[in-house]
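The structure appears below as structure tokens.
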Amino acid sequence: MLAVVAALVLAPAAGAAGASGQVSTALAGPAETPPSVARLQHAPAAAAEPPGTLRELLAAITGSATADPLDLAPGTLAVDREGEEGLAVSWALLDTGDGRWTGSADAATRRSEAESTIKAWLALDTLRAAAQRGRPVPPAVRADIAAAVRASDDAAAERLYRALGRDASTARLGPECGVTVSTSRPGWWSYTQVSALDAARVLACVRERAPALPGGPELLADLDAVTPDGRSGIRPVLPGAVAEKNGWTLHGGDGWNVHCVLAWEDRALAVLTTYPGGLGVEHGWQVCRDVAADVLATS
């Protein structure tokens, strides 16, 4: 997976434009040992050649030839942006096949507003409700699903949310996806409180459940075609079809929430960030890319 990391480091983040409309190239530069490798170089060296990947390096540390990062306890795998002044970041990497996961020490406990990441669930719940009634999704509702997911249209999401019974929809995440959420502001979908692990599990659930529902394949196509202003810049380096639904909101003096959530093959990754408002939205996209580079290097 070092090729994945190289792509994140050396290639411009396609569509990851910030408030200025410019794509950050802060990661571009001469090839060098990734910082996450440098942190592990205290490990005993193999006889001749050093391990060529972080998975091999992890195996050298643990003594296991089959070491898997997903077997590491939360808080074990460090990422460079953790501990940065003014930045709160939590992340989770989930195996969607067997449910194993790893992440930051607070991946399951630090909660934040879900922001627009919850729109993927509102779209799926709309398809579920239509199937349960035995009725097709009306064209206007289908258009709202596409707008809410692809363009992160708030008005479209609000119409879906109200039709689903407002917080009754997010409460269904428990029985439908095994994710129990709360809210800091009843009646507002964006204030649904999620952890990084919750966010990864929600998108994984949407991706898993969608194919069985009428309109599900179209929803998956929407999730793989978000508009440029809603892209984190991680998707281009991931294999195959990808579901991506991010969220970003400036909360006045409380600063930015920028959350990046993606699911592909048998993995889901969520990175939740909060930081001062003066830094702009692109700062959050860059943090997401940096965390993804560190995490995916071990996968």
Side-chain angles (χ1 to χ4, degrees), residues 1 4-5 8-9 13 16 27 34-37 39-40 54-55 58 68-96 99-118 120 179 181 192-205 207 231-235 237-238 242-249 255-275 279 281-299:
M1 288 294 289
V4 169
V5 180
L8 275 171
V9 171
L27 287 178
S36 45
V37 174
R39 284 198 301 277
L40 296 177
L54 287 186
R55 179 182 284 272
L58 178 64
D68 188 332
L70 283 162
D71 292 328
L72 294 174
T76 304
L77 180 61
V79 299
D80 281 340
R81 302 301 293 261
E82 289 179 335
E84 188 173 305
E85 185 177 358
L87 172 67
V89 57
S90 57
W91 64 272
L93 179 67
L94 171 71
D95 185 316
T96 59
R100 291 178 305 140
W101 67 277
T102 191
S104 56
D106 57 359
T109 56
R110 175 184 172 261
R111 297 184 180 276
S112 177
E113 293 78 16
E115 312 299 1
S116 291
T117 68
I118 202 67
V179 178
V181 298
T192 302
Q193 298 291 296
V194 296
S195 66
L197 181 58
D198 292 336
R201 284 175 169 165
V202 169
L203 190 60
C205 176
R207 190 167 181 265
R231 299 176 191 166
S232 62
I234 300 170
R235 190 263 174 269
V237 304
L238 299 177
V242 175
E244 178 176 15
K245 193 70 203 85
N246 305 313
W248 61 103
T249 301
W256 278 99
N257 282 342
V258 176
H259 305 330
C260 308
V261 191
L262 303 98
W264 69 100
E265 293 188 341
D266 60 351
R267 293 288 186 269
L269 173 68
V271 183
L272 309 187
T273 78
T274 301
Y275 56 88
L279 294 176
V281 68
E282 172 58 25
H283 183 78
W285 298 136
Q286 185 66 63
V287 172
C288 286
R289 294 194 293 272
D290 290 346
V291 172
D294 283 347
V295 173
L296 296 180
T298 68
S299 301

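Just so you know, residue 1 is the first one in the sequence shown, and it goes up from there.
We find the CG-CG distance between Asp80 and Asp290 to be 7.5 Å, quoted to the nearest 0.5 Å. Atom CG of Leu93 is separated from atom CZ of Arg267 by 6.0 Å, given to the nearest 0.5 angstrom. Summarising the geometry, atom CD belonging to Glu265 is positioned 9.5 Å from atom OG1 belonging to Thr96; distances are rounded to the nearest 0.5 Å. The CZ atom of Arg231 sits 12.0 Å away from the CG atom of Leu262 when rounded to the nearest 0.5 Å. The CG atom of Leu77 sits 6.5 Å away from the CG atom of Leu72 when rounded to the nearest 0.5 Å. Taking CG of Leu269 as the start and CG of Leu296 as the end, the distance is 6.0 Å to the nearest 0.5 Å.
Of all the heavy atoms in Ala108 and Leu197, the pair that sits closest is CB-CD2, 4.1 Å. The minimum heavy-atom distance between Ser116 and Asn246, with the atom names listed, is CB-O, 3.4 Å. Scanning all heavy atoms of the two residues, the minimum distance from Thr102 to Ala73 falls at OG1-O, 3.8 Å. Across all non-hydrogen atoms, the minimal contact from Lys245 to Thr117 is O-CG2, 3.5 Å. The nearest pair of heavy atoms linking Val89 to Val287 is CG2-CG1, 4.2 Å. Closest heavy-atom contact between Val258 and Thr273: O-OG1, 2.7 Å.
The side-chain hydrogen bond (donor to acceptor under 3.5 Å, both in side chains) test with Ser232 singles out one residue from Arg289, Gln286, Glu244, and that residue is Glu244.
Looking at residues two or more places apart in sequence or on another chain, you find a side chain to side chain contact (heavy atoms under 4.5 Å, CB included) between Thr109 and Asp106. Every residue two or more places apart in sequence or in another chain that forms a salt bridge (Lys or Arg N to Asp or Glu O under 4.0 Å) with Glu84 is listed here: Arg81.
Using a 4.5 Å heavy-atom cutoff, the side chains of Val242 and Ile234 are not in contact. For the pair Cys288 and Trp91, the minimum side-chain heavy-atom distance is 4.5 Å or more. A heavy-atom distance below 4.5 Å is not found between the side chains of Gln193 and Asp198. Contact check for Val79 versus Val295: side-chain heavy atoms found under the 4.5 Å cut-off. Side-chain contact between His283 and Tyr275 is present, with at least one heavy-atom pair separated by less than 4.5 Å.
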Residue pair Val179, Val194: steps toward the side-chain contact (heavy atoms from CB on, under 4.5 Å) verdict: CA-CA 9 Å; Val179 178; Val194 296; 5.8 Å; no
